[in-house]
Number of protein chains: 2
Amino acid sequence: MSGSGGVRRSMPSIEVVAREAGVSTATAGRALGGYGSVSAKSREAVLAAAERLGYRANSLARSMITGLTHTLGVLVPDIENPFFSRALRGIADVAHERGWEVLLINTDEDLTLERKGLGVLAERRVDGLVVAPTDAADRDALQAVIDAGIPVVLLDRRVPGLDADTVGIDNRAAARDATERLLKLGHRSIALLTGGDEHLAAKLARPGLRGVERIAGTTVGARTAGYRDALLEAGVDPRPELVSAEGFRREDAAEATARLFALPDPPTAILALDSLLALGVLLALRRLGLRCPADVSLVSFDDADWAEAISPPLSVVAQPIYELGAEAGRLLLDRVQGSERRVTHRRLPTRFIERESARSLL
Amino acid sequence: MSGSGGVRRSMPSIEVVAREAGVSTATAGRALGGYGSVSAKSREAVLAAAERLGYRANSLARSMITGLTHTLGVLVPDIENPFFSRALRGIADVAHERGWEVLLINTDEDLTLERKGLGVLAERRVDGLVVAPTDAADRDALQAVIDAGIPVVLLDRRVPGLDADTVGIDNRAAARDATERLLKLGHRSIALLTGGDEHLAAKLARPGLRGVERIAGTTVGARTAGYRDALLEAGVDPRPELVSAEGFRREDAAEATARLFALPDPPTAILALDSLLALGVLLALRRLGLRCPADVSLVSFDDADWAEAISPPLSVVAQPIYELGAEAGRLLLDRVQGSERRVTHRRLPTRFIERESARSLL
DNA sequence: CACTTGGGTGAGAACGTTCTCAATCCGGGG
DNA sequence: CCCCGGATTGAGAACGTTCTCACCCAAGTG
């Protein structure tokens, strides 16, 4: 087997390589880094010496000089969430393609962690940041990062008044479309599982969900508004008790579903705002002994990998998740690489995929 | 709104802060970094100046000196795969808890990309590496990294002869157990979907799967061996045509399943070696008009989030995926922080979760 | 009073690159 | 033979920290 020999503790520096090759560090640097001009003879000597010594450039030192770390920071609530892991894949692919790496931080929807994360990434001098912010409340912290010269792209979620590019979908229109489809099938009693928090729940408590306009700037708020738009236009009165905002986890959705079916007048259809919530619904239906779509119709955001495989296959509002991430990466790297264009907001198209989980009542 | 004022292009250095506070850079460093000794008066002056100027330490410079980047490299085939995104969550949580960050690279099961990734991470001087290697063929590249002084922990997959810690499960025993359960239910014709490649397929082509012992060191190989063990002990002849190794993607599994049911003597049960493959099986069954478990039983590795929610809920071999990642993180950081213990191999326990996708033929 | 002790301080080295700049080398034209 | 211009080279600065070391000073100690 070829030499996997002695235990080297620390890697050789460019100076050692230069000495070994009989040239100056400047020349060695030029040969190894591919800049400036070097004679063929010197280059060969340097490269041979580097090979012999197992030289690896120290990118820290390089970054100190060039001012570029070739690193993108990614700040998301939870990498386990399929939405974010797919989006991250998009970001990472674009980044790698252009020679950048990705530093990942989970925020767990926790504002304190998010702020801490922003601080860490700033100290690491990442060249740019893709953030799916927990809450608009972090605007100042994000603006501080931008002011410090680190461009930011917001993914999936928007922060009003922030000086950053955003990438997402038209949430209001997508939710409206999904709701309209259920209405067209004859459903009048349509539940909405938002995954939101108390903050949202408070806004929704008013008659007719009128409070929702105030938060239509957020992802969940916009979708809820779209849901309300569709109902109103169809002449259906929005019932706040059919809208549940009790957390983003699967069990939260399961509990919410159980509560819906304890109502005197339970829904005939459910719209879930992401695939994890849809899973919670399915779980609850199974526990309640209800069948989909015979007893209740279900439509969900996000075309999870299991959506097509289960019985019945799930009808979904498919977001181009990978592309959202890739586009975020592109916008960010364009800016990192010097583009001075104005702040832009990209809305990628969604696609409703009709399968068999929503049945007609007509 | 509080000052999100002027556009600062580059961040102030410690020297600027020191000048502003009227002390030397050494003292400013001590005050900000919390080392050495500083008078209360100086400390206050420095911290106030730092606050005023929006100072953020440059961790690149710090790393140059201390020799620690506080960064862990993670090299996995595909972060979209739920196994790896969950494991990454475990790694990242442990890392953050101890003050480390995570640099992520996808290899796409591509040896070239993997080698390139190792190189990049080495140049970034990560303090340690968690790798789920594509193939044992990369042993020399991995050994070179270790020899350069960067500790490595192997996740889920092993590389014979490599000087690194490993974290995983007892794949052979787990597969054997799952197969035995199907046998106990009366199944004699049990198919295996491995997700492996041509390399594996070649070994399996021999009568009675005898070639599998040669690759029992790999994850897929060990599981296949366990499957064979169970069959042999039950006096059932392993049928190579029931073992399919045609790729890790969902569609691969769907095609393999279709082929299985085109056999004159199709299986009555299927064991899938990961949840993506199980999804492919479900998809194929739906296309073929077959029902689970009435027409065929299904058992899969990995307790995917949808496994419990679908109908019928899926019986699975649950790996403690999060804990695998966390343990890998712990082993690595212990070593980074100076532990000199010998190479260890952690095998975490698996748990068979019996649900309703496997029925008795008796 | 001289002598130790130890907290506090600053000058300057060190980390490993890239960049700047001046010096040297080489061949060809006058 | 001398001079010009471009390729090649090396010395040394620079990046922003932490580390080493010598120094100062006040408070004890003999």
Side-chain angles (χ1 to χ4, degrees), chain A residues 8-47 49-50 53-71 120 122-127 148-149, chain B residues 8-47 49-50 53-71 120 122-127 148-149:
Chain A
R8 237 173 288 138
R9 270 290 148 229
S10 86
M11 306 188 186
S13 73
I14 206 171
E15 196 182 331
V16 179
V17 174
R19 201 178 316 141
E20 169 92 4
V23 299
S24 68
T25 65
T27 298
R30 282 186 275 254
L32 292 165
Y35 55 91
S37 74
V38 200
S39 68
K41 190 179 158 192
S42 296
R43 177 166 23 247
E44 272 170 45
V46 170
L47 294 182
L53 298 173
Y55 171 78
R56 294 228 136 259
N58 183 329
S59 67
L60 298 169
R62 175 176 300 151
S63 294
M64 291 271 311
I65 296 295
T66 61
L68 272 185
T69 53
H70 282 265
T71 306
V120 168
E123 294 199 345
R124 303 218 162 206
R125 298 297 192 268
V126 294
D127 300 324
Chain B
R8 236 172 290 141
R9 269 289 149 229
S10 83
M11 307 189 188
S13 73
I14 205 171
E15 196 181 330
V16 180
V17 174
R19 201 178 316 139
E20 169 92 4
V23 298
S24 70
T25 66
T27 298
R30 282 186 276 253
L32 292 164
Y35 54 90
S37 70
V38 200
S39 67
K41 190 179 157 190
S42 296
R43 175 163 29 244
E44 270 170 45
V46 170
L47 293 183
L53 298 173
Y55 171 79
R56 295 230 136 256
N58 182 329
S59 67
L60 298 169
R62 176 177 299 152
S63 294
M64 292 272 312
I65 295 295
T66 61
L68 272 186
T69 54
H70 283 262
T71 305
V120 168
E123 295 198 344
R124 303 218 162 207
R125 300 295 192 267
V126 295
D127 300 325

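So that the names make sense, note that chain A is the first sequence line, chain B the second, and so on, each numbered from 1. Heavy atoms only: backbone and side chains are in, while hydrogens, waters and symmetry mates are out.
Atom CG in A/Leu53 sits roughly 14 Å away from atom P in C/dG16 (whole-Å rounding). Atom P of nucleotide D/dG16 and atom CE of A/Met64 are separated by 6 Å, given to the nearest angstrom. Counting to the nearest Å, the P atom of D/dG10 and the CZ atom of A/Arg19 are 14 Å from each other. In this structure, A/Leu60 places its CG atom 14 Å from P of D/dT17, rounding to the nearest Å. With rounding to whole Å, A/Arg124 atom CZ is found 16 Å from D/dG16 atom C1'. Remark: C1' of D/dA14 and CG of B/Asn58 are 14 Å apart, rounded to the nearest angstrom. One can place CG of A/Leu32 at 14 Å from P of C/dC19, the figure rounded to the nearest angstrom. Note: CD (B/Glu15) to C1' (C/dG12) measures 13 Å, nearest angstrom.
Side-chain contact between B/Asn58 and B/Met11 is absent, with no heavy atoms from C-beta onward closer than 4.5 Å. In this structure, B/Leu53 and B/Glu20 have side chains that are in contact, with non-hydrogen atoms separated by less than 4.5 Å.
When each of C/dT17, D/dG10, D/dT17 is scored by its nearest atom to the side-chain atoms of A/Arg125, the top-ranked nucleotide is D/dT17. In this structure, of C/dG10, C/dT9, C/dC19, it is C/dC19 that holds the atom nearest to the side chain of A/Tyr35. Closest contact between the side chain of B/Thr27 and the listed nucleotides D/dT9, D/dT18, C/dG10 involves C/dG10. Relative to the side chain of B/Ala61, the nucleotides D/dG16, C/dG12, C/dT9 differ in distance, and D/dG16 lies closest. For A/Arg30, taking side-chain heavy atoms from C-beta onward, the closest of the listed nucleotides C/dG10, C/dC21, D/dT17 is C/dC21. The A/Arg62 side chain lies nearest to C/dT17 when the options are D/dT9, D/dG16, C/dT17. Set against C/dT9, C/dT18, D/dT18, the side chain of B/Ile14 has D/dT18 as its closest nucleotide.
Taking side-chain N and O atoms only, A/Ser42 has a distance below 4.0 Å to OP1 or OP2 of D/dT9.
Within the nucleic acid shown, B/Ser37 comes within 4.0 Å of at least one base atom, counting heavy atoms only. A/Ser59 comes within 4.0 angstrom of no nucleic acid atom, judged by non-hydrogen atoms across all strands.
Considering all non-hydrogen atoms of both residues, A/Ala57 and A/Arg62 come closest at CB-NH2, 3.4 Å.
Checking A/Thr25 against A/Lys41, the closest nucleotide of DNA chain D that is more toward the 5' end is the one next to A/Lys41. When each of B/Ser39 and A/Ser13 is assigned the nucleotide of DNA chain C with its nearest heavy atom, B/Ser39 is the one assigned upstream, toward the 5' end.
Distance CZ/A/Arg19 to CD1/A/Ile14: 12.5 Å, rounded to 0.5 Å.
B/Ser42 and B/Arg30 are not linked by any side-chain donor-acceptor pair at a separation below 3.5 angstrom, with hydrogens and angles left out of the test.
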